[in-house]
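Heads up, the thing below is written out as structure tokens.
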Amino acid sequence: MTARPTQFPWEDHPVTARPPSGPVPCDSAGVPVPATFLPARSGAVPRPSRAAAEPDPAAPAPTAPSPAAPPPPRQAPPPPAPRRLVAPRREATPGGTRPAAPLDDAERARLLRGAHHDPHALLGAHHVPGGILFRALRPFARSVAVTAKGLRAELFDDGDGLFSGVLPLSEIPDYRLLVVYDTADDTELHDPYRFLPSLGDLDLHLIGEGRHEELWRALGAHPMVHEGVSGTRFTVWAPNAQGVRVAGDFNFWDGTAHPMRSLGATGVWELFLPGVGEGALYKFQITRPDGSYTLRADPMARRTEAPPATASVVHVSHHRWQDDAWMERRGERPVHEAPFSVYEVHLPSWRPGLGYRQLAEQLPAYVQDLGFTHVELLPVAEHPFGGSWGYQVTGFYAPTARLGTPDDFKYLVDALHRAGIGVLVDWVPAHFPKDEWALAAFDGRPLYEPQDPVRAAHPDWGTLEFDYGRKEVRNFLVANAVYWCEEFHVDGLRVDAVASMLYLDYSRGPGQWTPNVHGGRENLDAVAFLQEMNATVYRRCPGVVTVAEESTAWDGVTRATHHTGPGGFGGLGFGLKWNMGWMHDSLQYMSKEPVHRKYHHGEMTFAMVYAYSENYVLPISHDEVVHGKRSLVSKMPGDWWQQRADHRAFLGFMWAHPGKQLLFMGQEFAQGAEWSESHGPDWWLLDPSYAAEADHRGVRDLVRDLNERYTATPALWQRDTVPDGFEWIDGDAAEDNVLAFLRYDAERSPLLAVCNFSPVVRQGYRLGVPPGHATWEEILNTDETRYGGSGVVNPDPVKTESVQSHGRPVSVTVTLPPLGTVWFRPG
């Protein structure tokens, strides 16, 4: 009987296999060896289940992380000390081998418990006095032999799965290992420990410097041909680990036979496994500093199993891009000087049940029909809890497998580009969840999060913040931003929760935070990270835009990083910033009954006080239509007609206001219910058999026309970020609930926008206008009957009169519809 090897103690990651036929193998004490540890061989043992990689599908769905402090890492019982149990020697020295000198007890123990930093020094083939020493670690093997051209030599069984022998050779041959198990035929394979490191010195240098801008090409799992042999290189950053082993469906989730080697001070571990290829499932078995064990998904995995399963997947992309024309022209015009209207989408619920490829058949056509220039996708990176909408990420380099493969996501982006639609994705570098198989205390100590648990814990979301002061963590995130832009051709990143990154006291009270070195509340490490990320993305990816969701008055969010502001900081370097103040104030105004709006008139005009301090996006996003905030149309007061009229008038105001536009799905057809990720938009409202279908279709028709007029009118987007692109005609008509203003393009061609937020028709309403135009014609009216309005319009061009009004020598008189917005342009 062979000696019973040390077991890897993970009760929470069982691996099951059908018991083999024939006699049950036992250890030297006569105890049956669990089938869990019997390696699979072709034609012998059935393929094991994936229990180690995926939770029980009958188990309840994951819940949102608790805001409590993270629990201490699970302390598995220490493995038993390795026993030097040696099988009886055969009578004859097989194949000319002779016994090798035994391993030092300490080295042997470290190797078997997964705590050796250089297993290649012990395993594989090495020159020794008198020949070549061969040593293999193959738990549960009955025998191991070395084969080469004209050679077959059986190794001695040293116990605990170790086999060794010395052959009288002068050079190391091109050899294989022939491994035999009690339940399998002979299996010939390459020895992983005969190969030199497959990661180059330049990669290691850049990783050590925290400046590897293509980190995904160095770390993770990469199928490759190394020294003429096909396999997969596994690399992981785990500087605090005593040892790391690779476990996967190719070794029954028992990494004992596959310890990785440390590549020096970088903290990177590496192992090339011959024969492992695309589609293999894997994780890293990490021996923590305290000797306990943890099984972790690959932080750099480019593909994952679909939740609730958590294994990483070896991936190779086969997508062939067809968006060359789009990519070549997307950087021709700066985004802040271009039309930019965004349809915000939660992909899993836009059309529930559709994957990336099915979405590619429907989403581009729908967005193109409505005239939006871009889509913004709520986070697509892998996340375990669907109810987080993707904002608690565990797989930063992997599109969620819920909807398909990474190539399927590329297919969707490709289809959108070919339809002339840009793609932005929400990106979440502010925090990550505490799941014990992901990033939290990854190698047994805080690694991606700050060392101080109080500083690490995010006070609002029960998650952990990133340690922006650690160069490797910054590298992980900066490279991730570049990854989405280069590998998936996305045209922009909307960075979530920027305010929570910038302030040390964010959601923290006195005594719960520590000032920076200058005594301030600014997180200097986060500032440096955001500047580095933006500078790197803009340098490497022409035409890409970064957008900050930043809810405070931080100075210079969209200022260049090398331009220092009055606060002493360089700009953060974003291209655009969400205008949260405009959103809050304007929705507050619209929620009031018209009779009360005159007391809140300043809420609609205040945004122009700071409109040019940043490059803004006007967001009516998912955050505004959930958690009791009600949908956009339901925020409006009055009966159903008034609500729809207000909804339409507000959209007309929004599209004419300085700044880019963003509208969340469902709001384009005045969905009355709050959005739910479980069922998505209420598409049934657009079913012709529904009695009120015309009301909802009319609002959608308005959105289509708003986008068409917007894109065709440079005055509405060309001078968005400079004061000479806007001019008030009347911003003080609070008693009338009227706003009137002009927009100008680069040639000073104007557009006149007038909003009447009262439910009365205003006939003969006089407005001063720029001279030099004989007539003004109505080009959009939100009260048209085809939109569901009352039909109060200006059917004929209105003539300019030499009557002073609003400080101008000429004026026009127009009819203002009730709860309506009207756009005019010179005739």
Side-chain angles (χ1 to χ4, degrees), residues 370-371 594 638 640-657 668-670 694-716 727 729-730 733 736-745 749-806 808-827:
L370 288 182
W640 176 233
W641 190 94
Q642 290 176 303
Q643 286 182 312
R644 286 185 295 118
D646 265 336
H647 183 98
R648 295 192 305 269
F650 176 74
L651 292 179
F653 165 73
M654 174 181 174
W655 254 252
H657 194 282
E668 78 274 17
F669 57 83
D695 296 344
H696 299 278
R697 190 170 297 277
V699 174
R700 190 170 71 170
D701 289 343
L702 170 64
V703 171
R704 181 187 298 109
D705 288 351
L706 283 169
N707 278 322
E708 187 276 328
R709 307 287 192 280
Y710 168 79
T711 304
T713 309
L716 291 174
E727 192 173 339
I729 290 177
D730 195 345
D736 297 336
N737 295 347
V738 169
L739 297 167
F741 53 89
L742 293 161
R743 299 295 308 278
Y744 292 100
D745 65 17
S749 298
L751 178 132
L752 169 62
V754 190
C755 307
N756 177 22
F757 290 116
S758 64
V760 298
V761 178
R762 300 195 183 278
Q763 302 279 359
Y765 202 84
R766 185 169 294 279
L767 296 166
V769 294
H773 307 288
T775 61
W776 293 74
E777 61 179 342
E778 182 180 282
I779 62 169
L780 185 134
N781 188 323
T782 64
D783 194 50
E784 287 189 46
T785 55
R786 63 194 181 100
Y787 303 144
S790 59
V792 176
V793 299
N794 296 269
D796 301 316
V798 294
K799 295 181 179 180
T800 302
E801 302 174 275
S802 297
V803 178
Q804 289 191 3
S805 181
H806 300 100
R808 301 172 187 274
V810 297
S811 60
V812 295
T813 57
V814 298
T815 298
L816 301 183
L819 301 176
T821 293
V822 189
W823 294 357
F824 298 91
R825 70 182 176 195

Anything under 3.5 Å between a donor and an acceptor, one on a side chain of residues 764-771, the other on a protein residue two or more places apart or in another chain? List them.
unit_1	atom_1	unit_2	atom_2	d
Tyr765	OH	Asp736	OD2	2.8
Arg766	NH1	Glu801	OE1	3.3
Arg766	NH1	Ser811	OG	2.7
Arg766	NH2	Glu801	OE1	3.3

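Contacts of His647 classified as ring-ring contact (aromatic ring centres under 6.0 Å, His included), with partners at least two apart in sequence or in another chain: none. With sequence neighbours excluded, the residues satisfying salt bridge (Lys or Arg N to Asp or Glu O under 4.0 Å) with Arg697 are Glu693. By the salt bridge (Lys or Arg N to Asp or Glu O under 4.0 Å) test, Glu784 is found to be paired with Arg786, residues two or more places apart in sequence or in another chain being considered. Considering only residues two or more places apart in sequence or on other chains, Asp646 meets the salt bridge (Lys or Arg N to Asp or Glu O under 4.0 Å) condition with Arg597.
Inter-residue side-chain proximity for Leu651 and Thr782 is flagged as unmet; no heavy-atom pair is nearer than 4.5 Å. Using a 4.5 Å cut-off on side-chain heavy atoms (C-beta onward), Val754 and Asn756 make no contact. By the 4.5 Å heavy-atom criterion applied to side chains, Ser749 and Pro826 are not counted as neighbours.
For the residue pair Trp641 / Asp695, no side-chain donor-acceptor distance below 3.5 Å is found, with atom types taken as modelled.
The shortest heavy-atom contact between Thr800 and Val812 is CA-CG1, 3.9 Å.
Between His696 and Phe669, the ring-plane angle classifies as perpendicular under the 30° and 60° cut-offs. Taking the six-membered ring where the residue is Trp, Phe653 and Phe650 present tilted rings, their angle falling between 30° and 60°.
A side-chain hydrogen bond (donor to acceptor under 3.5 Å, both in side chains) check over residues 767-778, counting only residues at least two apart or in different chains, returns the pairs Glu777-Arg825, Glu778-Asn781, Glu778-Asn794.
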